[in-house]
Q: 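There's a structure below that I have some questions on.
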Amino acid sequence: GWTAEMMLQGYEGQPSQVQRALNWGPNLALIWVGSNDLWYLYEYNNPDPGTEKRDVEQYRQRLSESIQRLQKRKCQVVLGLLDDQAQRPVALKGEAFTGVSRAELNRMSTQVKAYNEVLRELARRFKLRLVNPGEGGLFTDRARLSEDGNHPNSQGYDQIAQQWHTALR
């Protein structure tokens with residue numbers, strides 16, 4: 001999983017995902033990023049409201065820069081909305097990300113709404129299609145999740161592919 005920062009800036013000396021994509025010369029980019037940003041924000045940072053606000057601004061800036069770079073190369077971009085990770089079984093049972101408290105899960109739910117507003121704003125600003133890959137409770141339905149209660153299983157990935165396909169039609 002990539003964070004918005006890794007997507008734009010790369011990591012450990014590696015080129016960013018955007019730069020790698022540009023090197024391939026694509027004409028389509030599907031961007032669905034932010035879930036890991038949220039987990040990392042609360043697992044490792046114990047943010048206060050000011051930090052949460054700056055995080056949203058960084059998310060907006062990184063995605064905006066990525067979109068601009070892709071569109072400059074005539075690449076069509078489609079953005080994916082995020083689900084509320086705090087509602088996933090893995091979060092509700094406290095099975096992973098044990099550094100994230102119940103109070104932080106509640107704040108994460110608010111933060112993902114801010115991320116999704118950024119995605120909607122950028123979709124309007126750059127005239128992009130917007131898709132909701134997790135629509136219909138994908139990430140809360142154990143039947144469509146892998147055993148970890150966090151990632152989709154094959155049925156879940158089929159649903160995700162269908163959501164993107166519908167947006168592209």
Q: To the nearest 0.5 angstrom, please state how far the NE2 atom of His151 sits from the OG atom of Ser146.
A: 7.0 Å
Q: Can you give me the closest heavy-atom contact between Leu79 and Trp164, atom names plus distance?
A: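 In terms of heavy atoms, the two residues are closest at C-CH2, 4.0 Å.
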Q: In Å and rounded to the nearest 0.5 Å, what is the OG to CD distance from Ser101 to Glu43?
A: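 Going from OG on Ser101 over to CD on Glu43, the span is 10.5 Å.
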Q: Using modelled atom types only, decide if a donor and an acceptor are shared between the side chain of Asn27 and the backbone of Lys74 within a distance under 3.5 Å.
A: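 No; zero donor-acceptor contacts below 3.5 Å.
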Q: To check you understand the geometry: which heavy-atom pair defines the closest contact between Ala86 and Leu92, and what is its length?
A: O-CD2, 3.5 Å
Q: To the nearest 0.5 Å, what is the distance between CG (Leu168) and CZ (Arg129)?
A: 6.0 Å
Q: So do the side chains of Asn46 and Glu104 get within less than 4.5 Å of each other, counting heavy atoms only?
A: yes
Q: Could you give the distance from CG (Asp158) to NE2 (His165), rounded to the nearest 0.5 Å?
A: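 Spacing of CG (Asp158) from NE2 (His165) equals 13.0 Å.
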Q: Does a side-chain heavy-atom distance below 4.5 Å link Leu81 with Leu130?
A: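 In short, these two side chains touch, coming nearer than 4.5 Å.
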Q: Does either side chain, that of Gln61 or that of Glu65, offer a donor lying less than 3.5 Å from an acceptor on the other one?
A: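 Looking only at side-chain atoms, Glu65 and Gln61 do form a donor-acceptor pair, the distance falling under 3.5 Å.
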Q: Hey, could you give me the CG/CG distance between Leu145 and Leu138, rounded to the nearest 0.5 Å?
A: 6.0 Å
Q: Of the non-hydrogen atoms in Gly149 and Arg142, which two are nearest, and what is the gap between them?
A: CA-NH1, 3.4 Å
Q: Work out which heavy atom in Arg88 is nearest to a heavy atom in Ser35; give both atom names and the distance.
A: NH2-OG, 3.9 Å
Q: Do side-chain atoms of Asn116 reach the backbone of Leu82 as a donor and acceptor pair under 3.5 angstrom?
A: yes
Q: Has Asn153 got a side-chain atom pairing as donor or acceptor with Ala143's backbone, closer than 3.5 angstrom?
A: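 It does hold such a pair.
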Q: For the pair Glu52 and Lys113, find out whether any cationic side-chain nitrogen is under 4.0 Å from an anionic carboxylate oxygen.
A: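 No.
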Q: Going by heavy atoms in the side chains, are Val78 and Leu28 under 4.5 Å from each other?
A: yes
Q: Would you check if there is a donor-acceptor pair between the side chains of Thr110 and Arg107 at a distance under 3.5 Å?
A: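 Judged by distance alone, the side chains do not pair up.
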Q: Determine the minimum heavy-atom distance between Val131 and Gln163, stating which atoms define it.
A: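 In terms of heavy atoms, the two residues are closest at CG2-O, 3.2 Å.
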Q: Taking Gln71 for the side chain and Phe126 for the main chain, is one N or O donor matched with an acceptor at less than 3.5 Å?
A: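 Yes, the answer is positive, given that a donor and an acceptor are paired below the 3.5 Å cut-off.
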Q: For a quick test of reading the model, state the closest non-hydrogen atom pair linking Arg144 to Gly136 and the distance between them.
A: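 Smallest heavy-atom distance, with atoms named: NH2-O, 2.8 Å.
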Q: Consider side-chain hydrogen bond (donor to acceptor under 3.5 Å, both in side chains). Of Asp55, Asp37, Asp84, which one does Gln111 pass it with?
A: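 Exactly one pass, corresponding to Asp55.
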Q: Taking the inter-plane angle between the rings of Trp32 and Phe139 on a 0 to 90° scale, is it parallel (under 30°), tilted (30 to 60°) or perpendicular (over 60°)?
A: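 Geometry flag for Phe139 against Trp32: tilted rings.
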Q: Is there a side-chain contact (heavy atoms from CB on, under 4.5 Å) between Ile31 and Leu119 once you walk through the steps?
A: CA-CA 10 Å; Ile31 299 177; Leu119 292 165; 6.0 Å; no
Q: Which residues satisfy the side-chain contact (heavy atoms from CB on, under 4.5 Å) test with Glu57, sequence neighbours excluded?
A: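 With neighbours one apart ignored, the set is Arg60.
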Q: Side chains of Ser109 and Asn106 only: does a donor on one sit below 3.5 Å from an acceptor on the other?
A: no
Q: For Pro47, is there any backbone N or O sitting under 3.5 Å from a side-chain donor or acceptor partner on Asn45?
A: no
Q: Could you give the distance from CD (Gln76) to NZ (Lys127), rounded to the nearest 0.5 Å?
A: 14.5 Å
Q: Taking atom types as modelled, is there a side-chain donor on Arg69 or Ser66 under 3.5 Å from an acceptor on the other?
A: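 Side chains of Arg69 and Ser66: no pair found under 3.5 Å.
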